[in-house]
Amino acid sequence: MTTAIELDENFREVVGGLPGGPARPDPSAPVRPDSRLSGATLLAVFDAQAQSRQLDFAARWMQQEGRGYYTISSAGHEGNAAVAAALRPNDPALLHYRSGGFYCARAQQVTGVDPIQDILLGMAASADEPIAGGRHKVFGRAELSIVPTTSTIASHLPRAVGVALGIGRAAKLGVPCPWPRDAVTVASFGDASANHSTAVGAINAACHTSYQGLPVPLLLVCEDNGIGISVPTPRGWIAAAYGDRAGLRYVAADGCDPVAAYDAAVTAVSLARSRRCPVFLHLSVVRYLGHAGSDAEAAYRSAADLAAELDRDPLVATAAELVRCGMLTPGEAVTRYVALGGLVRGAAEQALASRPLSSATEVMDSLAPRHPDQVAQLARQGPPVVSAGSEPVTLAQGINLALGELLETHPGMCVFGEDVGRKGGVYGLTKGLQRRFGAARVFDTLLDEQSILGVGLGGGLAGLLPVPEVQYLAYLHNAEDQLRGEAATQQFFSSGQFRNPMVLRVAGYGYQKGFGGHFHNDNAVGALRDIPGLVIASPSRPDDAAAMLRTCLAAAAVDGSVCVFLEPIALYHTRDLYEEGDTGWLARYPRPDLHVPLGQARNYGDGADLTMVTFGNGLRMSLRVARRLAARGIGVTVVDLRWLAPLPIADVLREADQSGRVLVVDETRRTGGVSEGVVAGLVDAGYPGMIARVTSEDSFIPLGQAANAVLLDELTIEKAAVDLLHAS
Ligand SMILES: Cc1ncc(C[n+]2csc(CCOP(=O)(O)OP(=O)(O)O)c2C)c(N)n1
Ligand SMILES: [Mg+2]
């Protein structure tokens, strides 16, 4: 493997041995007649590259001493400093993990940021690190418009597309946005990452949008070192895959040559900025120091390959160019490089003396802030006149009316997803909204859930209040990392400096009549319930749905909360509760000043014999069973959880204490469903009474009548209730 010592010696030897150049030129003049790169910019690029290289060396010794926690290096990729030099410091950036050069170069463009200190604090997992606060080693800083990305390769690309779209949308809607209207969003990634379905989908979404003539000012930078950990990328693959794509401009350059890289970046940036189109900048680079600190590169790379790579060192190339044009003498270049090394070493000692995060409270401080009073205040600020009228409405109508009300209340709110625009949603939930609020705020997206969520993630960063829709719960699962790894971690990894407020509407649960099978009846909520900080609203009745949607929008706006609004499809158009024609499932649209605080349950009845705890379709089934039990002289209180996260355990406990017997009625699965959380909550609280639960089976839902064989039904609930009452 090319080691730090080899790299260091090679630099000193090669640069120190260069022939001297001409007399010092005008720093503002181009370094070559056909280039746009000035001597001054080249020198700035060199400084950024050298800082980054010295930081990579420091990461190694810090780790060897057991005091550093991150060794994935930028060595060989430092050409990305030239990309930063071609951009503006307020062009939002979502970066590959080898972006030390970019970070250092951008820091030069903003006063008061010391990139050396920032990066060292990150490596040392220090609580004083300016963006993640020691929670991860990321490249990010609000002042530099660098949004931290996670380690999940390519998962930032849907978000980047969303930022590129969101900035223009925010400007159009007159919503405050952290970035100027003509900003270019930049996202970088590796060559192997370019094959990830998330990357492929995001790039496709950008192309698809641009192909329709819509603006997508996005610079996609592929830092192609020809390998992903140990697996080579087929020679020529990136150019073959992205060189000629509809809707995408392609610019390629040698990322090890600072002049070529800079000129290509300038061309790419100006295309993206002036044409407002996605541009793919393909930089060929090299990888030094292995994939990460622990990587034994010799096992899969030949000595000849490694030696050839050493000859392409971008830092040497930049120094050589500076010498060639007379900006530095060879001695000055080496001295500058060595001096930066000294600076880094001194700063590293300081960083290592800084404090780590020391408590769970401190770690979780930025995970999911909650300000219920402010949320309540905003949730009650609906327009005074609601077009609802006084007629009772269905769940679907209630949600539709609430979306309309909230679109009026929140100027940055956008509703989007598959079929939500002209059609008004598969079940008519968004009917009439596009006509009323325009296609800038209510619009159809392409058929890709990752991209739908990406539009939401990026839109939220750009100042919008996104309300994406995923048609069925089963189809959220193919895009779930955008919710789990991206949305839910954004505040955590940025100490709250970046947020993606979002209310994701998902139609779900079973019991649909006439439209069967697993995919339209999915009840898998376990994958959502374990996402830290995520709010899961599960309205059952029309009035609650509207009031809860107000809360979710307000929580998103106030706290940047990520909310999933899980709608029971089977109840969308339900009118009756006990008997045909009783209209017991309709409700009046709630007054504008009503909302439901996060994590607050709702009670039905006040029977003291048994507490039934439920939600979703389970509420309707439980109310029907409770009525039958009442006829048998058994008094039941039914508690509708309404929120699956945070679970209203205190509310449940209060009711459970009254009866001493709790039956959890959970229409989802026995394993990973909601009942596990409720029972565990009761046990944790030392509940002394009796607990039982009924659930659906641990099965996918089959088509037709067979669905009833695995879904929880009223008879089962009733029997369990009676059994529990008779148990001693
Ligand atoms: C989704 C996902 N799968 C696997 C990994 C593990 N992993 C980390 S980096 C990497 C290779 C990436 O190669 P490339 O995109 O070429 O970037 P490079 O490291 O070469 O710059 C892999 C497989 C990951 N981080 N994320
Ligand atoms: Mg690679």
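Each ligand, and each atom within it, is numbered from 1 in the order the structure gives.
Annotation: Tyr250, atom OH; neighbour count of heavy atoms from other residues, nucleotides and ligands within 6.0 Å is above 12.
Test Asp481, Asn478, Thr198 against Gln450 for side-chain hydrogen bond (donor to acceptor under 3.5 Å, both in side chains) and you get one pass: Thr198.
Closest non-hydrogen pair, Thr71 versus Arg60, comes out as O-NH2, 2.9 Å. For Ala556 against Val503, the heavy-atom pair with the smallest separation is CB-CG2, 4.2 Å. Between Ala474 and His518 the shortest heavy-atom distance is CB-NE2, 4.4 Å.
Figure legend: cation-pi geometry between Arg135 and Phe492, with NZ or CZ positioned under 6.0 Å from the six-membered ring centre and within 45° of its axis.
With a 4.0 Å heavy-atom cut-off, ligand 1 is reached by the backbone of Ala192 and by its side chain too. At a heavy-atom cutoff of 4.0 Å, ligand 1 is contacted by no atom of Ile72, backbone or side chain. Under 4.0 Å from ligand 1, the heavy atoms of Asn225 that appear belong solely to its side chain.
At a 3.5 angstrom cut-off on N or O pairs, Thr152 does not count as close to ligand 1. An N or O contact shorter than 3.5 Å is missing between His196 and ligand 1 by distance.
Protein non-hydrogen atoms do reach within 4.0 Å of atom 2 (C) of ligand 1. The protein does not reach atom 6 (C) of ligand 1 closely, with no heavy atom under 4.0 angstrom from it.
Within the 4.0 Å heavy-atom cutoff, Arg287 does not count among the residues contacting ligand 1. In this structure, Tyr97 counts as a contact residue of ligand 1, since one of its heavy atoms falls inside 4.0 Å of the ligand. Contact between Glu223 and ligand 1 is absent, with no heavy atom of the residue lying under 4.0 Å from the ligand.
Between Phe280 and Tyr242, the ring planes are parallel. Angles under 30° get that label, and only those over 60° would be called perpendicular. Ring geometry for Tyr103 versus Phe139: interplanar angle of 30 to 60°, hence tilted.
With the Mg ion (ligand 2) as the vertex, atom OD1 of Asn225 and atom O of Ile227 span an angle of 80° (nearest 10 degrees).
At a cut-off of 2.8 Å, Asp224 does not coordinate the Mg ion (ligand 2) through any N, O or S atom.
Of the protein's heavy atoms, Ser151 O, 2.8 Å lies nearest to atom 25 (N) of ligand 1. Looking only at heavy atoms of the protein, atom 22 (C) of ligand 1 is closest to Ile229 CD1, 3.6 Å. The protein heavy atom nearest to atom 8 (C) of ligand 1 is His291 NE2, 4.1 Å. In this structure, the protein non-hydrogen atom closest to atom 4 (C) of ligand 1 is Ile153 CG1, 4.5 Å.
Between the side chains of Asp295 and Tyr300, at least one donor N or O lies within less than 3.5 Å of an accepting N or O. In the model, Arg98 has no side-chain atom that pairs as donor or acceptor with a side-chain atom of Ser188 under 3.5 Å.
Among the heteroatoms counted here (N, O or S) of Asp191, OD1 is the one nearest to the Mg ion (ligand 2).
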